[in-house]
Each structure stands twice: as C-alpha cells, then as structure tokens.
Amino acid sequence: MQSEKEKMLSGKPYSPFDKELTAERFKAKEIIFNFNSRRPTEVKEQKQDLIQLFTKTPKRFYIEPPFRCDYGYNIEIGINFFANYNLTILDCAKVTIGDHVMLGPNVAIYTAAHPIHYTVRNKHYEHALPITIGDNVWIGGNVVLNPGVTIGANTVIGSGSVVTKDIPSNVIAVGNPCKVKREITEEDKDYFNSKA
C-alpha cells in the first residue's frame with residue numbers, strides 16, 4: 001500500500017494532513033523561517049539554508065527574501081537562477097527550473113490542485129502535477145504558474161500572466177489566460193543597441 005507521500009509524488013490523490021507530510025512541511029518551514037529572518041548581510045547563511053532545503057542547487061543562485069515553499073525537496077534550480085521578492089512555490093510535485101532563469105517579484109508556482117466538486121474537495125484530498133521552466137526564461141512580476149505547465153526555453157512571460165497551459169520555446173506570452181503574442185527574433189538582440 002502506498003504512503004500519502006508516495007501518492008503525492010506520483011500525482012495521485014493524497015491527504016496533505018498525513019503525519020509524514022505534515023512533519024516535512026514543518027521542517028521546511030523552520031528552514032524558511034531562518035532564511036527569511038536573517039540580516040541582509042548574511043547572504044552566505046541564506047544560501048546554506050536553501051542548499052539544505054532544495055534537492056539541487058548550483059554554485060550561483062540568489063533568491064530575495066521573503067520566500068515560501070511547502071517541502072523544498074521537490075525543487076531543482078539551474079545555474080544563475082534569480083528570484084525577486086515574495087516567490088511562492090507549492091512544491092507538492094517536482095518543480096524543475098533551468099539555467100539562467102529570472103523571476104520577477106510575487107511569482108507563484110503552484111503544483112497543488114484540488115477537486116472541482118465541493119463534496120470531494122471537502123474531504124481534504126488534493127493532487128499535484130509537476131512544473132518545468134526551461135533555460136533562459138524570464139517570468140515577470142505577479143505571474144501565476146498553474147499545475148502541470150511547462151515553459152519552453154528562452155521564453156518571456158509578461159507581468160500579471162496566469163499560465164494554465166504549456167508555453168513553447170522562444171516566444172513572448174502574456175495574459176489571463178497566458179497566450180503567445182509573438183516569437184522572439186534576432187531583432188530583439190539589438191534592442192539595447194537601438195536605445196543607446
């Protein structure tokens with residue numbers, strides 16, 4: 001018989017109030033409390049907190065406090081990752097973030113999902129679907145990523161977007177629901193040169 005944690009990690013309905021999962025969330029909260037409470041100059045200590053929390057961390061990454069997550073062990077980040085203030089990751093399923101990814105303030109990454117019908121939802125079961133963010137992605141402020149979505153490499157997600165479906169590589173996408181506006185072109189490389 002599968003444990004509630006095994007069910008959670010395999011995308012099946014599970015009870016988040018299971019003793020093992022509750023204990024793991026409290027363990028993560030203790031580490032996150034330390035991270036968010038440190039003095040601004042304690043950058044090395046903050047980094048060690050996150051290394052202790054996440055499954056995979058590179059040498060170079062930075063998350064601006066405050067930060068919140070459920071478990072931490074379902075989060076993998078690539079090199080040169082940067083997240084601005086108030087990042088929230090509900091990591092009941094795997095969250096994989098590629099190299100050179102930038103997140104604006106108030107980004108919310110939600111793997112957890114709840115039943116649509118209230119009679120089932122009131123039994124306090126949920127399920128979780130993984131989220132993947134490709135290399136070189138820039139996600140603007142106040143963006144929400146919903147369960148199960150993938151953001152392709154080199155893509156930009158505009159501020160305030162709500163991503164409900166996969167977004168391909170090499171595009172600019174924006175809106176609620178988030179939709180592709182256009183492809184990123186070679187002309188976009190010259191943006192800053194043209195403004196000089």
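Note: hydrogens, waters and symmetry copies are ignored here, and every other heavy atom, side chains too, is used.
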Query raised in the report: Does one hydrophobic cluster hold both V107 and L53, with members joined at side-chain heavy-atom distances below 4.5 Å?
Result: yes

Query raised in the report: How long is the gap from CG on N146 to OG1 on T164, to the nearest 0.5 Å?
Result: 6.5 Å

Query raised in the report: What residues form a salt bridge (charged side-chain N to carboxylate O under 4.0 Å, His left out) with E187, not counting sequence neighbours?
Result: none

Query - Heavy-atom pair of closest approach, residues I75 and C69 - result: CD1-CB, 3.9 Å

Report summary line: Scanning both residues in full, the closest heavy-atom pair of I184 with T155 reads CD1-CA, 4.4 Å

Report task. Using modelled atom types only, decide if a donor and an acceptor are shared between the side chain of T96 and the backbone of I133 within a distance under 3.5 Å. Result -> no

**Report entry** Within 6.0 angstrom of Y85 OH, more than 12 heavy atoms from elsewhere
**Finding:** no

Report summary line: Residues A28 and Y71: closest non-hydrogen pair is CB-O, 3.7 Å

**Report entry** Heavy-atom donor-acceptor pair, D188 side chain to T185 backbone, under 3.5 Å
**Finding:** yes

**Report entry** Heavy-atom neighbours of F33 CZ exceed 12 at 6.0 Å
**Finding:** no

Query - Of S37, P40, P65, the residue whose pairing with Q46 passes side-chain contact (heavy atoms from CB on, under 4.5 Å) - result: P65

Query raised in the report: Would you find a donor on one side and an acceptor on the other, under 3.5 Å apart, between the side chain of S10 and the backbone of E6?
Result: yes

Query raised in the report: Under a single-linkage definition using a 4.5 Å side-chain heavy-atom cutoff for Ile, Leu, Val, Met, Phe, Trp and Tyr, are F81 and I151 assigned to the same hydrophobic cluster?
Result: yes

Query - Hydrophobic cluster membership, V156 vs L103, 4.5 Å side-chain cutoff - result: no

Query raised in the report: Between OG1 of T111 and CD of E126, what distance do you get to the nearest 0.5 Å?
Result: 8.5 Å

Query - same_hphob_cluster(I31, I89) at 4.5 Å side-chain heavy-atom cutoff - result: yes

Query raised in the report: Are the side chains of E20 and S3 in touch, meaning some heavy atoms are under 4.5 Å apart?
Result: yes

Report task. Classify the side-chain pair N34/D49 by whether it contains a donor and acceptor separated by less than 3.5 Å. Result -> no

Query - Exercise: identify the closest heavy-atom pair between G104 and N84 - result: C-CB, 3.6 Å

Query raised in the report: Counting only heavy atoms not in R121, do more than 12 fall under 6.0 Å of its CZ?
Result: yes

Query - cation_pi(K47, F54) dist<6.0 Å, angle<=45 - result: no

Query raised in the report: Under 3.5 Å, is there a donor-acceptor pair linking the side chains of H100 and D135?
Result: no

Query raised in the report: Counting N and O atoms only, with roles assigned by atom type, does the side chain of T150 sit under 3.5 Å from a partner on the main chain of D166, one being a donor and the other an acceptor?
Result: no

Query raised in the report: Does a sphere of radius 6.0 Å around NZ in K27 hold more than 12 heavy atoms from other residues, nucleotides or ligands, not counting ones at 6.0 Å or beyond?
Result: no

Requested in this report: Can you see which heavy atom on C92 is nearest to which on M8, and at what distance?
Outcome: O-CG, 3.2 Å

Query raised in the report: When rounded to the nearest 0.5 angstrom, what is the spacing between CG in L9 and CG in N74?
Result: 5.5 Å

Query raised in the report: Ignoring hydrogens and geometry, is there a side-chain-to-backbone donor-acceptor pair from N170 to N154 under 3.5 Å?
Result: no

Report task. For residues A93 and P130, report the shortest heavy-atom separation together with the two atoms involved. Result -> CB-N, 3.6 Å

Query raised in the report: Between K5 and E24, does at least one N-O distance fall below 4.0 Å, as a salt bridge requires?
Result: yes

Requested in this report: Examine Y62 and L50 and state if one hydrophobic cluster contains both, with Ile, Leu, Val, Met, Phe, Trp and Tyr joined whenever side-chain heavy atoms are less than 4.5 Å apart.
Outcome: no

Query raised in the report: Taking everything shown except Q2 itself, do over 12 heavy atoms lie less than 6.0 Å from its CD?
Result: yes

Report summary line: Distance col, row D91:CG vs R25:CZ, nearest 0.5 angstrom, shows 11.0 Å

Query - Between CD1 on residue I139 and CD1 on residue I167, distance to nearest 0.5 Å - result: 10.0 Å

Query - Sequence-distant partners of R39, salt bridge (charged side-chain N to carboxylate O under 4.0 Å, His left out), two or more places apart - result: none

Report task. Apply side-chain contact (heavy atoms from CB on, under 4.5 Å) to the pair I157 and V174, showing each step before the final yes or no. Result -> CA-CA 6 Å; I157 306 294; V174 66; over 6 Å; no

Query raised in the report: Are the side chain of S161 and the backbone of G175 linked by a donor-acceptor contact shorter than 3.5 Å?
Result: yes

**Report entry** Distance (rounded to the nearest 0.5 Å) between I32 CD1 and D70 CG
**Finding:** 8.0 Å

Requested in this report: Tell me, please, whether F26 has K29 positioned over its six-membered ring: NZ or CZ under 6.0 Å from the ring centre and within 45 degrees of its axis?
Outcome: yes

Query raised in the report: Can you find a heavy atom in the side chain of F67 that is under 4.5 Å from one in the side chain of N36?
Result: yes

**Report entry** Validation row, ring centre H127 to ring centre Y14 under 6.0 Å
**Finding:** no

Query - 4.5 Å side-chain heavy-atom contact, V101 and I77 - result: no

